[in-house]
Q: 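Encoded as structure tokens, here's the structure I'll be asking about.
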Amino acid sequence: MKKIASPMAGTVWKIVKAPGDAVDYGDTVMILESMKMEIAVEADNRGTVAKILVEEGEVVDQDTPLIELS
Amino acid sequence: MHKLLVANRGEIACRILSSARSIGLATVAVYSDTDAEAPHVALADEARRVGPARAQQSYLDQDAILAAARDTGATLIHPGYGFLAENAGFAARCGREGLVFVGPRPETIAAMGDKEQARALARAAGVPVLPGTDKLPPDEATVAAAAASIGFPLLIKAAAGGGGIGMRLVETPEALAAGIAATRGLAERAFGSGAVYLERYVRRARHVEVQVFGFGDGRAVHLFDRDCSLQRRHQKVIEEALAPGLGETTRAAMAQVSVDLAGSCAYDGAGTIEFLYDDDTGGFFFLEMNTRIQVEHGTTELVTGVDLVAAQLRHAIGEDVAAELTQDQIRHDGHAVEARVYAEDPARRFMPSPGTITGLVLPHGPGVRVDTGCRAGSVVTPFYDPMIMKVMAHAASRDEAIDRLIGALGDLRIDGLTTNVGWLRAVLDHPAFRAGRLSTDFLTAHQAEIEQQQARQAA
């Protein structure tokens, strides 16, 4: 199972992709808020979104899995 | 007996608490869940939890902060900077609850927080504002006359634009009409409104500000100026006092209009008037007034020897600060430079880099000052802004102060997180910075050289 993980600690501000969406390298899949900045999470993989593993408002650590791709 | 509650966290909370202690005030800290073990909590006589990590539910929660004040019997509240510092509603609530808000009156905070009102107050006090027009009428003769009074080069700006979009530089009167037509067309397509206005163009802009202190009765003094031109993403990075390269006439004029503005609104306490400074002509124009203690206040303290926070607190408890802080007693000595250390990674487009500080060695020595709210073991969380400390150096000359600051940043060791310290050293060592050729686009214009210098330092 391919996963997209959080590049840093922060709060999930906005989930851009939904299950079933196609994702390619560099696509913004989610926006985090960290230290008063908005940080785009870019896909480092390609595939179809199988499952979103976090919710908006959730606090995540670096390397927390955010999205499962199939 | 006065008791001070500090409604803030991090380095500024520590800074305020230490001045409060030095003048004998009892102190109260507030903290969010994630800050329960933070140094500012340990520095205060007592502390109250105000909520969970998120600022909206803790440091910005007015009810929770006022409840902490009631609970501890606090008589004063110092807001620091950020959070509730420029919230007129909060200042007014403090007053209604019988607490002294350490800052100007709520009306002043509200007026200076409104761009139009602030500009009107500045104009009325004789402070130059950037020459410009309201939305232009269609009549060409009126427009040409307005442009002539602003002078060329000028900028045509879309009223609905922003961030450089819908902005056009016009060098000569002949190019004006075509420029306006083109900007109107672009603005209509991009923003749905073709309204444009004109503004003076400043080719080499610097950000220079004047520190003032008002006594609430129309009397005010200034504590000279600072340059804060080096910014990224509207975040200041390097500041210094005094602003280098200002002519004495300009410096005196800028200080005088600042005192006039503070006096005209019977300003109460410490404040800063920010100017856009035209490095080609020596002209300066009002940007805004910050009605709080600034992050960079320490540079002014180093060159004047005045403890600005203690002055705020003593004025707030009714001591006669005006009697000793008279204009002819305020002098400046030497030069001070400050670098802001951020938990961010210059190599990854300055991405935030929260984490745990596993080891910390602070620089010291003559003329070196560090303001921080961190210690070894501190967790730098993603919930608040990324500044973890300010390192300042003071010396007889600007060159020596820069050397001293570069040295201090070299001695500073922060283990466990990525910071911008190496990048700061490269910026400070850049020939254009050394030469005092400052401008608000400095960090963008010299980005490549700064990166190369940093690579050389690391090697």
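Throughout, a chain's letter reflects where its sequence line sits, starting with A, and its residues are numbered from 1. Since the structure is predicted, the reported quantities are computational estimates derived from the model, not experimental observations.
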Q: Roughly how far apart are B:F383 CZ and A:K36 NZ, rounded to 0.5 Å?
A: 14.5 Å
Q: Could you tell me which non-hydrogen atom of B:P352 sits nearest to which non-hydrogen atom of A:M8, and how far apart they are?
A: O-CE, 3.2 Å
Q: Which atoms form the tightest heavy-atom contact between B:T381 and A:M35, and what is the distance?
A: O-CE, 3.5 Å
Q: Answer yes or no: is there a side-chain heavy-atom contact under 4.5 Å between A:P7 and B:R348?
A: yes
Q: Might you work through the side-chain contact (heavy atoms from CB on, under 4.5 Å) test for A:M37 and B:R233, ending with a clear yes or no?
A: CA-CA 10 Å; A:M37 272 175 265; B:R233 286 196 293 234; 3.0 Å; yes
Q: Return the minimal non-hydrogen interatomic distance between B:R54 and A:G57, and the atom names on each side.
A: NH2-O, 2.9 Å
Q: Not counting sequence neighbours, which residues clear side chain to side chain contact (heavy atoms under 4.5 Å, CB included) with B:Q447? List them please.
A: B:E451
Q: So what's closer than 4.5 Å to chain A heavy atoms on B:A343: side chain, backbone, both or neither?
A: both
Q: Are there more than 12 heavy atoms of other residues, nucleotides or ligands under 6.0 Å from atom CZ of B:R375?
A: yes
Q: Step through the shown structure and confirm whether more than 12 heavy atoms of other residues, nucleotides or ligands are within 6.0 Å of CZ on B:R349.
A: no
Q: Grab the two heavy atoms, one from A:A9 and one from B:P382, that are nearest each other, plus how far apart they are.
A: O-CB, 3.5 Å
Q: Is B:E37 atom CD crowded by more than 12 heavy atoms from other residues, nucleotides or ligands, each under 6.0 Å away?
A: no
